[in-house]
Amino acid sequence: MIIGLSIATFTLVHVAITLIAILSGLIVLFGLLRSRRLDGLTDIFLIFTVLTDVTGFMFPFHSLTPAFNLGIISSVVLIPTLIARYAFGMTGWWRGIYVIGAALSLYFNCFVLVVQAFQKVPVLHALTPKGNEPPFAIAQGLILLFFMVVGFLAYRRFRLTR
């Protein structure tokens, strides 16, 4: 049991938190493309992304796994992203740190979403029973390409305006 919840219930809570982070993050990312701050949604995105990392670390730990390592990397990326957003108001070079950190944080959540989809959705799992077959690599490659292009465009386009 994790904080009084069964592992199944805790997993559902973690997944719900992550989906909220992803959905709000996608809206925020597209707002950055239009140079819109979307402060309320940005707060939701960042809070739920932090909660995704925190709840991810609360699962039973037996050894270092790729998911645990990605959680560490995500947390390290989130620290300067939060500092850029809340301590420095995204001014100067902190704007770039914020945009890149937000895009990376969202990418990490989407990366895990794709991994989980290929593990848990029967149709996808049948395509990649080992998790290293071409359909999985293609899906992850497309997600990476999407975030590289959109993240770069957001970096170039986002300017502080109210």
Side-chain angles (χ1 to χ4, degrees), residues 13-59 64-121 124 127-128 131-162:
V13 170
H14 175 73
V15 169
I17 288 168
T18 304
L19 290 176
I20 292 168
I22 290 171
L23 292 175
S24 60
L26 287 170
I27 295 168
V28 167
L29 184 61
F30 284 104
L32 294 176
L33 289 172
R34 295 186 322 268
S35 207
R36 295 206 173 109
R37 290 172 53 117
L38 304 175
D39 289 336
L41 275 173
T42 298
D43 292 342
I44 291 169
F45 163 60
L46 292 172
I47 289 166
F48 278 82
T49 301
V50 168
L51 287 173
T52 295
D53 286 354
V54 169
T55 57
F57 290 126
M58 295 171 72
F59 282 96
L64 285 178
T65 64
F68 191 87
N69 291 335
L70 188 59
I72 292 169
I73 295 167
S74 177
S75 298
V76 168
V77 167
L78 271 171
I79 292 168
T81 304
L82 294 168
I83 291 169
R85 173 76 172 93
Y86 295 109
F88 292 101
M90 301 175 292
T91 58
W93 55 278
W94 288 102
R95 177 195 62 83
I97 290 173
Y98 166 73
V99 172
I100 293 167
L104 265 175
S105 295
L106 181 56
Y107 165 70
F108 293 147
N109 279 338
C110 291
F111 177 90
V112 172
L113 177 67
V114 171
V115 169
Q116 291 298 314
F118 275 96
Q119 288 178 350
K120 308 285 194 261
V121 176
L124 295 176
L127 294 171
T128 62
N132 60 0
E133 293 83 359
F136 177 77
I138 291 167
Q140 287 296 12
L142 290 173
I143 293 290
L144 177 61
L145 181 62
F146 170 81
F147 278 97
M148 288 176 66
V149 170
V150 175
F152 174 77
L153 291 174
Y155 175 80
R156 300 272 298 162
R157 294 179 181 176
F158 179 65
R159 298 290 178 255
L160 289 178
T161 59
R162 280 277 173 194

Note to self: Side chains of Asn109 and Thr18: any donor to acceptor distance under 3.5 Å?
What the structure shows: no
Item checked: Closest heavy-atom pair and its distance - Ala154, Leu33 -> N-CD2, 3.4 Å
Checklist line | Rounded distance (nearest 0.5 Å) linking atom OG of Ser105 with atom CZ of Phe147 | finding: 10.5 Å
Checklist line | Between CD1 on residue Ile79 and CD1 on residue Ile97, distance to nearest 0.5 Å | finding: 13.0 Å
Note to self: One pair to check against side chain to side chain contact (heavy atoms under 4.5 Å, CB included): Leu82 and Leu46. What are the steps and the verdict?
What the structure shows: CA-CA 8 Å; Leu82 294 168; Leu46 292 172; 4.0 Å; yes
Next item on the list: Enter the distance from Leu127:CG to Ile138:CD1 here, rounded to the nearest 0.5 Å.
Entry: 10.5 Å
Note to self: For a 4.5 angstrom cut-off between non-hydrogen side-chain atoms, does Met90 reach Arg159?
What the structure shows: no
Check: Arg95 side chain to Phe158 main-chain N or O, any donor-acceptor pair under 3.5 Å?
Finding: yes
Check: How about Phe152: does its CZ atom have over 12 heavy atoms from other parts shown lying under 6.0 Å from it?
Finding: no
Notebook entry, point to check: Under the side chain to side chain contact (heavy atoms under 4.5 Å, CB included) criterion, do Leu32 and Tyr98 qualify, and how do the steps go?
Noted result: CA-CA 11 Å; Leu32 294 176; Tyr98 166 73; 4.1 Å; yes
Next item on the list: State, to 0.1 Å, how close Arg36 and Arg34 come at their nearest heavy-atom pair, and which atoms those are.
Entry: NH1-NE, 2.7 Å
Margin query: So Val13 and Thr55, do their side chains get closer than 4.5 Å, heavy atoms only?
Written below: no
Next item on the list: Applying side chain to side chain contact (heavy atoms under 4.5 Å, CB included), run through Trp94 and Ile83 and close with a yes or a no.
Entry: CA-CA 8 Å; Trp94 288 102; Ile83 291 169; 3.9 Å; yes
Margin query: Please find the pair of heavy atoms, one from Gln140 and one from Val115, that lie closest to each other, and give the distance.
Written below: NE2-CG2, 3.4 Å
Checklist line | side chain to side chain contact (heavy atoms under 4.5 Å, CB included) assessment of Thr42 paired with Arg85 | finding: CA-CA 9 Å; Thr42 298; Arg85 173 76 172 93; 3.3 Å; yes
Item checked: Side-chain heavy-atom pair Thr52, His14 within 4.5 angstrom cut-off -> yes
Margin query: Tell me the closest heavy-atom pair linking Ser35 and Arg157, and the distance in Å.
Written below: OG-O, 3.5 Å
Check: What distance do Tyr107 atom OH and Leu144 atom CG have between them, rounded to the nearest 0.5 Å?
Finding: 4.5 Å
Notebook entry, point to check: Val28 and Phe45: which non-hydrogen atoms are nearest, and at how many Å?
Noted result: CG2-CB, 4.2 Å
Next item on the list: Assign the ring pair Phe146 / Phe30 to parallel, tilted or perpendicular, where the plane angle (0 to 90°) is split at 30° and 60°.
Entry: tilted
Checklist line | Candidate pair Phe57 and Phe68, rule ring-ring contact (aromatic ring centres under 6.0 Å, His included), full reasoning | finding: CA-CA 7 Å; Phe57 290 126; Phe68 191 87; 5.1 Å; yes
Check: Which atoms form the tightest heavy-atom contact between Leu51 and Ile17, and what is the distance?
Finding: CB-CG2, 3.6 Å
Next item on the list: From the options Ile20, Leu19, Leu23, Asp43, select the one residue that forms a side chain to side chain contact (heavy atoms under 4.5 Å, CB included) with Phe48.
Entry: Ile20
Margin query: Let me confirm one number: the CG-CE distance from Leu153 to Met148, rounded to the nearest 0.5 Å.
Written below: 11.5 Å
Next item on the list: To the nearest 0.5 Å, tell me how far Asn69 CG sits from Ser74 OG.
Entry: 12.5 Å
